Protein chains: 2
Amino acid sequence: MLTRGKLATQTGCNIETIRYYETIGLIPAPARTASGYRSYGDEHLRRLNFIQRARSLGFSSEQTRGLLDLTEAGGNKTRADVKSLTEAHIDEISQKIKDLQKIKKRLRQISSFCDGSAKSASTCPILESLFDDN
Amino acid sequence: MLTRGKLATQTGCNIETIRYYETIGLIPAPARTASGYRSYGDEHLRRLNFIQRARSLGFSSEQTRGLLDLTEAGGNKTRADVKSLTEAHIDEISQKIKDLQKIKKRLRQISSFCDGSAKSASTCPILESLFDDN
DNA sequence: GTTGACTCTGTATATACTACAGGGTTTAAA
DNA sequence: TTTAAACCCTGTAGTATATACAGAGTCAAC
């Protein structure tokens with residue numbers, strides 16, 4: 001249904017990256033046309049969208065594979081296995097959300113401070129706080 | 001105050017990565033002892049902690065530098081500049097949080113499904129939904 | 001004052017892409 | 001129907017972001 005180029009366009013993924021993901025086994029090798037062109041379906045589209053999102057959120061290829069593997073535990077994983085893996089991922093994601101919210105809070109302070117009238121940003125005392133841990 | 005090794009230990013950053021960040025200018029070159037050892041202070045510690053966090057959240061080195069630069073707009077940026085940059089970062093971060101929340105929601109569904117009693121995970125119908133966009 | 005842990009620099013390797021070259025295929029206008 | 005643009009194929013090279021290692025110097029403690 002989809003050529004590699006169309007898959008790239010629809011996902012926003014670089015066309016070469018799609019081939020790369022195939023070589024490292026992150027997306028399955030698609031069917032080929034008679035002339036050898038790759039032919040992708042909706043499954044590839046959804047999978048690639050998920051991979052893109054996970055990568056942009058700081059998950060490595062291996063972590064992303066781990067998330068994807070939850071969906072295809074081919075009989076060798078029990079529900080208990082999947083559950084504990086899933087819980088671990090949930091904890092990790094919760095931490096990421098917390099970290100992002102911290103940064104967002106700081107940025108909001110910066111933004112509202114910048115509503116002031118001074119010309120230069122260099123005198124802004126709140127900026128320093130971007131480094132803090134709270 | 002801190003050697004490179006101690007900075008590595010306290011931040012969880014690989015010791016070689018610290019040198020790398022120095023070569024690409026992500027952290028400033030620290031003072032040196034008489035014998036040439038790097039000597040880091042609290043400023044380096046906080047900056048490196050922030051870098052680590054930002055990188056783990058999917059910000060590139062350049063994006064991280066952009067966030068850090070907000071704190072040291074050396075007179076050449078107006079408050080309006082800083083504000084619009086900051087707002088853009090806030091939007092980006094909000095999107096990341098949304099994406100993480102979506103994934104987390106799906107993982108929670110998986111987790112609660114796995115409380116069922118069947119032995120194999122391969123029959124779990126919810127797993128498929130990990131790929132969806134909602 | 002010697003040994004073990006640590007640091008220095010330079011360079012090599014790994015991971016995750018991204019780009020390019022040389023050639024075949026598809027599409028659509030001339 | 002030919003032919004030119006646009007696309008796909010493979011292989012390979014380059015870039016970004018680390019990480020590891022080798023050989024030599026430094027520090028701390030026993």
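Just so it is clear, the model here is predicted, and its values are computed rather than measured.
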inquiry  = Nearest heavy atom decides the nucleotide; on that basis, is B:Ser61 or B:Thr33 closer to the 5' end of DNA chain D?
reply    =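 Counting from the 5' end, the first nearest nucleotide belongs to B:Ser61.
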query = With a 4.0 Å cut-off, would you call B:Lys83 and B:Glu87 a salt bridge?
reply =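 Looking at B:Glu87 together with B:Lys83, the answer is yes, because their closest N to O distance falls below 4.0 Å.
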Only counting residues at least two apart or in another chain, list the ones meeting side chain to side chain donor-acceptor pair (under 3.5 Å) with [X].
| X | answer |
| --- | --- |
| B:Thr23 | none |
| A:Gln101 | none |
| A:Arg19 | A:Glu16 |
| A:Arg4 | none |

message = Test of understanding: with side-chain contact (heavy atoms from CB on, under 4.5 Å), list the residues that count as partners of A:Lys6, not counting sequence neighbours.
response =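 A:Lys6: side-chain contact (heavy atoms from CB on, under 4.5 Å) contacts with A:Leu2, A:Thr3.
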ask   = In chain order, what residues pass the side-chain contact (heavy atoms from CB on, under 4.5 Å) check against B:Asp91, with sequence neighbours excluded?
value =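 Residues passing side-chain contact (heavy atoms from CB on, under 4.5 Å) with B:Asp91: none at all.
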task = Could you pull out all residues at least two apart from B:Lys104 that satisfy salt bridge (Lys or Arg N to Asp or Glu O under 4.0 Å)?
result =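 For B:Lys104, no residue satisfies salt bridge (Lys or Arg N to Asp or Glu O under 4.0 Å) once neighbours in sequence are set aside.
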Output one line per pair: protein atom, nucleotide atom from nucleotides 1-5 of chain C, and distance, for all N/O pairs under 3.5 Å.
none

message = Strictly below 4.0 Å: does A:Ser35 bring a side-chain N or O up to OP1 or OP2 of C:dT26?
response =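 Answer yes for this pair, as a side-chain N or O of A:Ser35 is under 4.0 Å from OP1 or OP2.
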message = Reading DNA chain D from 5' to 3', where do the contacts with chain A start and stop? Cut-off is 4.0 Å to heavy atoms.
response =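 It runs D:dC7 to D:dT12.
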message = Expected output is a numbered-order residue list: members of residues 3-27 of chain B with a heavy atom under 4.0 Å from any atom of DNA chain D. What is it?
response =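 When residues 3-27 of chain B is checked for heavy atoms under 4.0 Å from DNA chain D, the hits, listed by number, are B:Asn14, B:Glu16, B:Thr17, B:Arg19, B:Tyr20, B:Tyr21.
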Pairs where residues 14-41 of chain A contributes a residue and the test ring pair (Phe, Tyr, Trp, His ring centres under 6.0 Å) is met, not counting sequence neighbours =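 Matches after skipping sequence neighbours: A:Tyr40-A:His44.
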Pairs satisfying salt bridge (Lys or Arg N to Asp or Glu O under 4.0 Å), at least one member in residues 55-65 of chain A, at least two apart =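 Matches after skipping sequence neighbours: A:Glu62-A:Arg65.
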